[in-house]
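Taking it in order: structure first as structure tokens, then the write-up.
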2 protein chains.
Amino acid sequence: MKTRDQILESADQLFYQQGYEHTSFSDIAKAVRISRGNFYHHFKTKDEILHAVIDLRANNTRAMLEEWESGHEDPMARIRCYLQILLTNGSNISLYGCPVGTLSSELAKLDHASQGDAVGIFTLFREWLGKQFSLLGCGSDADALAMHVLAWSQGVATLVNAFPDEAFVLREVNHMCAWLQARVSDPGKAGL
Amino acid sequence: MKTRDQILESADQLFYQQGYEHTSFSDIAKAVRISRGNFYHHFKTKDEILHAVIDLRANNTRAMLEEWESGHEDPMARIRCYLQILLTNGSNISLYGCPVGTLSSELAKLDHASQGDAVGIFTLFREWLGKQFSLLGCGSDADALAMHVLAWSQGVATLVNAFPDEAFVLREVNHMCAWLQARVSDPGKAGL
DNA sequence: GTCTATACCTGGATAGAC
DNA sequence: GTCTATCCAGGTATAGAC
């Protein structure tokens with residue numbers, strides 16, 4: 001693997017686990033086992049690494065969404081794929097929170113130029129979920145429903161980071177699935 | 001006002017707006033208009049300030065919860081007080097997120113000793129909400145319902161920080177109020 | 001492409017005069 | 001209680017040898 005890619009991979013992980021600002025060049029250099037100097041041959045500034053990491057994450061996200069889409073005909077099943085991450089990636093989330101949400105909120109506080117790019121990853125999920133709701137015939141509510149699902153799952157991620165508790169996540173995911181079913185089969189009764 | 005309190009107040013604000021790590025002594029000193037040296041007369045380390053800020057926030061939170069409790073007989077109305085913050089404090093939340101959630105998740109990434117104290121503020125809300133649900137006769141589900149409300153509101157805060165949109169918050173708060181009503185009057189139908 | 005050496009700055013923290 | 005002066009560690013970033 002190319003050094004550049006190794007840097008990117010390590011930075012991606014460290015930014016997630018320690019936060020962007022708290023991660024220094026030394027941290028990344030140590031992880032990749034290169035010298036700090038070598039570093040600058042590949043990336044001129046720390047911001048440049050961040051930009052590349054966000055780009056990487058966006059591409060990975062796009063690939064994942066496409067996979068879910070080609071793997072399931074039923075839009076409901078696709079949305080359930082999204083909800084399942086809370087369980088399959090549960091241990092990371094309880095340690096470090098949601099990678100999308102925590103980065104976006106860190107950059108918001110830093111007033112960082114790349115915050116918009118970070119939010120862009122949220123947008124990928126938002127539009128993808130919206131599309132699924134459209135396919136389910138939710139037409140004009142599709143985007144609102146997408147935002148609702150995003151918010152709900154974000155909240156679960158934040159809370160399980162504060163109170164590590166698998167049972168809580170399981171309960172909420174089941175609740176979300178039940179709500180999804182009810183909402184689609186009978187929009188009136190399920191609210192929103 | 002005593003200098004110590006001014007430091008605390010400024011630190012509280014800056015930690016919220018810029019994050020704990022991103023806020024330097026110089027930033028606080030500049031805000032309070034004292035020299036950096038003077039600083040150490042009041043607090044020996046940065047961690048000590050953080051500790052005091054969390055303490056301050058916890059006390060403010062306790063006072064607010066008591067106010068809501070003494071101001072309303074109906075537990076449902078009390079819970080609605082909690083949900084209303086999303087609207088009354090909307091502009092701050094869309095700029096900086098939820099003070100409780102963002103601090104707790106920042107400290108989690110820093111692996112900071114005070115993370116537990118920050119989560120303690122979450123616990124104040126959690127237990128208070130649980131108590132209200134108990135009073136509403138939700139008995140064994142009280143804590144799960146409290147966690148659900150916390151997660152939901154946290155998620156809305158995170159999302160509106162990424163996508164500033166008042167209408168979204170209003171929609172979600174109304175949705176929460178409706179869910180609350182339905183859930184309490186007919187536990188079976190409303191799920192969870 | 002990779003290294004060492006180094007410049008430069010800002011951060012937290014201390015000492016001591018007033 | 002408040003200040004100035006100062007220390008030291010660590011951060012980003014650069015230059016230049018290999």
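Just so we're clear, the structure is a prediction, and the values are computed from it rather than from any experiment. In the text below, chain A, chain B and the rest are named by the order of the sequence lines, each starting its count at 1.
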**Message:** Output the rounded distance in Å from CG (A:Leu110) to P (D:dG11).
**Reply:** 16 Å
**Between C1' of C:dG11 and CD1 of B:Ile49, the distance in whole Å** = 13 Å
**Message:** For B:Tyr82 together with B:Phe125, are the ring centres under 6.0 Å from each other?
**Reply:** yes
Under 3.5 Å between N/O atoms: give me all the protein pairs with nucleotides 1-3 of chain D, atom names plus distance.
unit_1 : atom_1 : unit_2  : atom_2 : d
D:dT2  : OP1    : B:Thr3  : OG1    : 3.1
D:dT2  : OP2    : B:Thr3  : OG1    : 3.2
D:dT2  : OP2    : B:His42 : NE2    : 3.1
D:dT2  : O5'    : B:Asn38 : ND2    : 3.0
D:dC3  : OP2    : B:Ser35 : N      : 2.9
D:dC3  : OP2    : B:Ser35 : OG     : 3.3
D:dC3  : OP2    : B:Asn38 : ND2    : 3.3

**Item:** Nearest-Å distance for atom pair NZ/C1', residues B:Lys46 and C:dG12
**Value:** 9 Å
**Request:** Determine the sole option in B:Leu110, B:Ile54, B:Leu107 for which the side chain to side chain contact (heavy atoms under 4.5 Å, CB included) test with B:Gln115 is passed.
**Result:** B:Leu107
**Item:** Value in whole Å for how far the P atom of C:dT10 lies from NE2 of A:His22
**Value:** 21 Å
**Ring centroid separation B:Trp179 to B:His175 under 6.0 Å** = no
**Asked** Rounded to the nearest Å, what distance is computed from the NZ atom of residue A:Lys30 to the C1' atom of nucleotide D:dG10?
**Response** 11 Å
**Request:** Write down the distance between CD (A:Glu48) and C1' (D:dT12), rounded to a whole number of angstrom.
**Result:** 14 Å
**No-hydrogen, no-angle side-chain donor-acceptor test under 3.5 Å, A:Asn174 and A:Arg171** = no
**Prompt:** Think A:Ser26 has a side-chain N or O under 4.0 angstrom from the OP1 or OP2 of D:dG10?
**Reply:** no
**Message:** Measure CG/A:Asp47 against C1'/D:dA13 and give the value in whole Å, please.
**Reply:** 13 Å
**Request:** Could you tell me whether A:Lys109 and B:Glu106 have a side-chain N and a carboxylate O separated by less than 4.0 Å?
**Result:** no
**Prompt:** Out of curiosity, does B:Val149 fall in the hydrophobic cluster containing B:Leu135 (side-chain heavy atoms, cut-off under 4.5 Å, transitive links)?
**Reply:** no
**Asked** Does a side chain donor of either B:His22 or B:Asp27 reach within less than 3.5 Å of an acceptor in the other side chain?
**Response** no
**Item:** N/O (side chain, A:Ser24) to phosphate O (OP1/OP2, D:dG11) under 4.0 Å
**Value:** yes
**Request:** Could you tell me whether A:Tyr40 contacts a base, only the sugar-phosphate backbone, or nothing, with contacts defined as non-hydrogen atoms closer than 4.0 Å?
**Result:** base
**Residue B:Thr45, side-chain heavy atoms: nucleotide from C:dG12, D:dG11, C:dA13 that is nearest** = C:dA13
